[in-house]
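Read through the structure below, which is laid out as structure tokens, and then see the notes.
All ligand and atom numbering here is 1-based and tracks the order in the structure. A quick note: this is a predicted structure, and the numbers were derived from the prediction, not measured.
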Amino acid sequence: MAAAQDHLSKTTSSLKKRVHELSILNDISKVVSSVLNLERLLDVYIELVRSKIGIRNCCILLVDVETDELVVCASNGEDGKDLVGERTRMGLGIEGWVAENRIPVLVDDLARDSRFKDKGSAKYDAGTFICAPLVAKGELLGVIDLNRKSSGDKFSEGDLKLLITMTSQVSVAIDNARLYRLLQENSFRTVQALATTLEAKDRYTHGHSARVTDYSVRTAQRMKLPAEEVEKLRYAAQLHDVGKIGVDEAILRKPTDLTTEEWDAMQQHPVIGERIITPLDFLSETRPIIRHHHERWDGKGYPDGLRGEHISRLAQIMAVADAYDAMTSERPYRHARSHEDALREIKRCTGTQFAPDVTKEFVAAMREAQPALG
Ligand SMILES: [Fe+2]
């Protein structure tokens, strides 16, 4: 009877453990399959692993194919060490060994383990580790390294098995996130190529988007806008005039004044530009910037006649940068204005064409940059 009860309680405890493991896998699966941004995916994943399994330190290293090194791309630990960016050579330390051999390991005591030739390269000082390779479609992506359980216990074979199952889920997610990023970059380059091809056909606008991007980013950085906003602006500025593809070339290059109909057609380019990038989901937040780069602070701009703060801050910045580059570039019908003359004109149009606080920062950013701009 006692033996039967003992057996029952062991079975119950092992079943409970299995249910717990399955719930961890389920939670991780839900998260990793829904995140396509690589950095965010890694951060969310290691936080889940750390909290669910009860780990003091956890980090993910990915292979840098150019240098054949492992780079820490996400780290999370009670030690509070920020290890992101640290590099390890293949074959060195626990992570290097696991990457080179593609074999998961459980290390009870690093100091006594003879498998690892350079123990100093291990990411943490001491204790027990489990480390597993991340492999997708037969390709090594990197390794995940878990160090010390919060409970103080050593890692078990069961922990290692759970980690191996979890790595197969996250490896597929990392691979997807990388492919998605590649797809985004390719799509962006395609649209950018359209815009630059259009510019290159006309010596007067050659390099315009690159300069507008440079001026816009300098201004946004001076205004201390968050890095993600600056990135959005960088994308938008490179593509801001892509809609000119949809405007008749004879109108684009006409050296004399445009007729009313021609001017109406010209004013469609921000709308066409927005339409061109609409299928690209990752550029969704740049759409209003492109659409509104010709709006004016006093509401007399186009295509929507937006006024003041109804125009997004990023579109306000790009409007000034765009106008400055137009003034300082040669045109078939007039010479380029000097840097100082253009800045004077920008200041003169403050509060009518341009947002007052933006022009102030733009002028300061351009003065700062002038030696570099030449
Ligand atoms: Fe434009």
Side-chain angles (χ1 to χ4, degrees), residues 188 191-220 232-255 257-278 280 283 285-307 310-334 336-337 342 345-346 349 352-355 358-359 362:
F188 176 74
V191 183
Q192 192 189 26
L194 277 176
T196 47
T197 306
L198 187 81
E199 278 179 12
K201 285 207 277 184
D202 181 348
R203 72 186 177 94
Y204 296 106
T205 55
H206 184 75
H208 170 68
S209 297
R211 289 190 300 272
V212 171
T213 306
D214 181 28
Y215 307 153
S216 300
V217 167
R218 285 175 190 273
T219 309
K232 245 185 262 172
L233 186 57
R234 192 190 300 277
Y235 276 115
Q238 289 178 81
L239 306 179
H240 74 280
D241 271 342
V242 71
K244 285 189 176 171
I245 284 169
V247 179
D248 191 334
E249 274 194 43
I251 299 176
L252 290 177
R253 294 177 191 209
K254 191 173 173 187
D257 286 347
L258 299 179
T259 65
T260 311
E261 292 76 38
E262 288 166 342
W263 186 233
D264 283 347
M266 186 67 169
Q267 290 188 345
Q268 284 305 303
H269 81 270
V271 180
I272 301 168
E274 183 195 23
R275 211 177 296 146
I276 288 173
I277 62 157
T278 295
L280 305 174
L283 291 176
E285 292 184 60
T286 66
R287 280 181 352 221
I289 316 171
I290 289 174
R291 184 177 176 103
H292 296 139
H293 75 272
H294 284 292
E295 298 291 356
R296 291 173 49 121
W297 187 251
D298 58 11
K300 293 181 182 163
Y302 63 90
D304 299 318
L306 297 184
R307 181 190 289 266
H310 293 289
I311 309 162
S312 80
R313 172 82 353 165
L314 300 181
Q316 291 171 10
I317 295 172
M318 215 163 73
V320 184
D322 190 21
Y324 172 83
D325 188 62
M327 282 191 270
T328 52
S329 302
E330 286 287 326
R331 286 289 182 268
Y333 44 89
R334 61 151 173 80
R337 287 193 183 193
E345 182 62 12
I346 296 274
C349 298
T352 50
Q353 190 171 349
F354 307 119
V358 172
T359 50
F362 178 83

Distance col, row Thr278:OG1 vs Arg287:CZ, nearest 0.5 angstrom, shows 4.0 Å
Hey, which N, O or S atom on His269 ends up closest to the Fe ion (ligand 1)?
NE2
Which N/O/S atom belongs to His294 and is the closest one to the Fe ion (ligand 1)?
NE2
The angle formed at the Fe ion (ligand 1) by OD1 of Asp241 and NE2 of His293 is about (to 10 degrees) 90°
Flag yes if more than 12 heavy atoms outside Arg307 fall under 6.0 Å of its CZ atom; otherwise flag no.
no
Ring-plane angle category for Tyr302 and His294, please: parallel below 30°, perpendicular beyond 60°, tilted otherwise.
parallel
Listed pairs under 3.5 Å, donor-acceptor, residues 234-243 side chains, sequence neighbours left out:
from, atom 1, to, atom 2, distance (Å)
Arg234, NE, Glu231, OE2, 2.8
Arg234, NH2, Glu231, OE2, 3.4
Gln238, OE1, Gln192, NE2, 2.4
Gln238, NE2, Arg234, O, 3.1
His240, ND1, Ala237, O, 2.6
His240, NE2, His208, NE2, 3.2
Asp241, OD1, His269, NE2, 3.0
Asp241, OD1, His293, NE2, 3.2
Asp241, OD2, Lys244, NZ, 3.4

